[in-house]
Amino acid sequence: MSWITHLNKETLIKARYFNNELTFEEIPESECTNIKNLWDTLREDYSDWVANVRLENFDDKNNVVNYFQWKGMSTWWLNSLTFKDIEFDNKWINRLMVIYLTKHYLTSIIIETDDKVICRCIKNNFSNYNVIYVRSVNTSFKDKLKHNVFGVNLYLYLLLIRSFLLRLEIYLLFLGEKKKIFNPANEKTRIWFRSTYPANWVLDEGELKDRHIRNIHLFDKKFNLSSSYLMYIMRYGKDKNLNFFSLRNKVKSLKNIIGREVIFPESYIKLYDLFETYYSTFIEYLKFSKLKKTIYFKNLFKINGIDFSDILIEEWKNNYFSKLQYNKLHGLAMIRFLEHCKSSQIIVSYGEFYNQSRYAYFAAKKINPNNMFIAYQHASNSKNLMSSNFRKNEINTNNFPETINYMPTPDYFLVQGEQYKSILKEFYSKERIRVIGSLKNDGFTDLKNEWWSIKRKIEKKYNLLSKNLILLAPSLNDSIHILNGLS
């Protein structure tokens, strides 16, 4: 793709980036495909950069992976820059795209934004370009805080306090619980299913189930195995009214409701672990704060000749105010549990390549070399879902975990079909991949068997009997963009 496109004077692209939403007021039809391709270019360029930058020296003896360490592992692998979230925490990628648009259509684009970081980044890279800064008026109190340095720092420290209180709440939730020690010498081989409660648990035909696992654990007896749950505590929006005491009561009764052994890895976390995690993160933050001011460190953040240090250093900084602590404690909880097991364990998880799973992948075999993690694909994974796509030079299962240079990964990966398998084998050992189909097909089976009845009910409820219907089958989260376009 040619980097700079010159349109004629009568043709201008108008882009607006407000409240982390990128929209186009005017865009020539001829440029729609080019802008889509620019997204793809950005995706590939960033993936290449993040795969390579970790080994680049920023002084005579240090690179990113060896400079930032915790318990023998590089915290680079716990950093959101390496997770590449584009679904929920996607401000970073939207900001990068605004800069890519600026470079690609330098003389043919008008950009308006309420983002001062964007303005600073454009000014640093394209000194002759005038971006239009407009402060948003219809914003929440949280967004208003982020419009000045004091507000940004206040927000981050409030986030840090909230993060610590949530971790402390979970510690208190299991205070006094006896830690069970597992010795399978006198029992069936146990298969652990990692889950999150109450976040991913739903009522399905009157039964409480993990929406990602469904009934798969019930096949244990057929194969003379014993299935159990390793349950992490997490609340989603649907659980916001569930207070500490209600949650504690639910946790205590969960084993009887599910009918299988339930162990909470976070119950093995010690108070020392909690404080050490926040302390070590604070010490690393001080190192980072000093380093980020240096030219040689800023020079690491150049992609395609563009200096993205304003954007990516801020994204890195934000890790120290809740994400990094969460990722450490999540993995450490699993390790503390494994330390109480007298033999190797098999853990099936939908943690895939997530940041919070990586420390467990890293340290588990140091406890017992036969500990095994089996990840399975629990959602739609495409090229655009950057958190499920990596580069081959980031992963080396032969040298892991002896070296911290490579990303910790599961031992095996179970995929839903050939589509993600074809992507996964580009960077992950194909000998460790198995196709098993989707575990979440219960609803599809019901729909297939009762489609006529469901169709008639929908037609009557929404008065659609005399109307032509168009079926839209959007990709992941595209429904939001479709509704925004129709509103």
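- Counting all heavy atoms, side chain and backbone alike, Pro410 lies closest to Tyr428 at O-OH, 2.8 Å.
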- Task: Might you work through the salt bridge (Lys or Arg N to Asp or Glu O under 4.0 Å) test for Glu169 and Arg235, ending with a clear yes or no?
- Result: CA-CA 12 Å; Glu169 179 191 33; Arg235 295 185 182 98; 3.1 Å; yes

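- A donor-acceptor pair shorter than 3.5 Å can be found between the side chains of Asp210 and Ser195.
- Taking every heavy atom of both residues into account, Leu81 and Val50 meet most closely at O-CG2, 3.4 Å.
- Aromatic rings of Phe297 and Phe301 (six-membered ring for Trp) have centroids within the 6.0 Å cut-off, being under it.
- Counted within 6.0 Å of CZ on Phe245, heavy atoms from surrounding residues, nucleotides or ligands total 12 or fewer; the atom is thus considered open.
- Side-chain contact of Tyr420 with Ser382: a donor-acceptor pair under 3.5 Å is absent, judged by distance alone.
- Not less than 6.0 angstrom separates the ring centroid of Tyr229 from the ring centroid of Tyr197.
- Dense packing is recorded around NZ of Lys292, with more than 12 heavy atoms of other residues, nucleotides or ligands lying under 6.0 Å away.
- Every pair passing salt bridge (Lys or Arg N to Asp or Glu O under 4.0 Å) that includes a residue from residues 412-431 is listed here, sequence neighbours excluded: Lys383-Glu426.
- Without hydrogens or angle criteria, Arg358 side chain to Trp77 main chain gives a donor-acceptor distance under 3.5 Å.
- Evaluation of the salt bridge (Lys or Arg N to Asp or Glu O under 4.0 Å) test over residues 387-396, restricted to residues two or more places apart or in two chains, returns Glu44-Arg391, Asp48-Arg391.
- Electrostatic pairing of Asp220 and Arg260 counts as a salt bridge here, judged by a charged N lying under 4.0 Å from a carboxylate O.
- The ring of Trp316 has its center closer than 6.0 angstrom to the ring center of Trp76.
- By the 4.0 Å N-to-carboxylate-O rule, Glu314 lies close enough to Arg95 to be salt-bridged with it.
- Residues Lys328 and Thr281 come closest through the heavy atom pair NZ-OG1, 3.0 Å.
- Within 6.0 Å of NZ in Lys179 there are more than 12 heavy atoms belonging to other residues, nucleotides or ligands.
- Salt-bridge annotation for Lys36 and Asp40: present, with a side-chain N of the basic residue lying under 4.0 Å from a carboxylate O of the acidic one.
- Salt bridge status for Glu261 with Lys180: present, with a side-chain N to carboxylate O gap under 4.0 Å.
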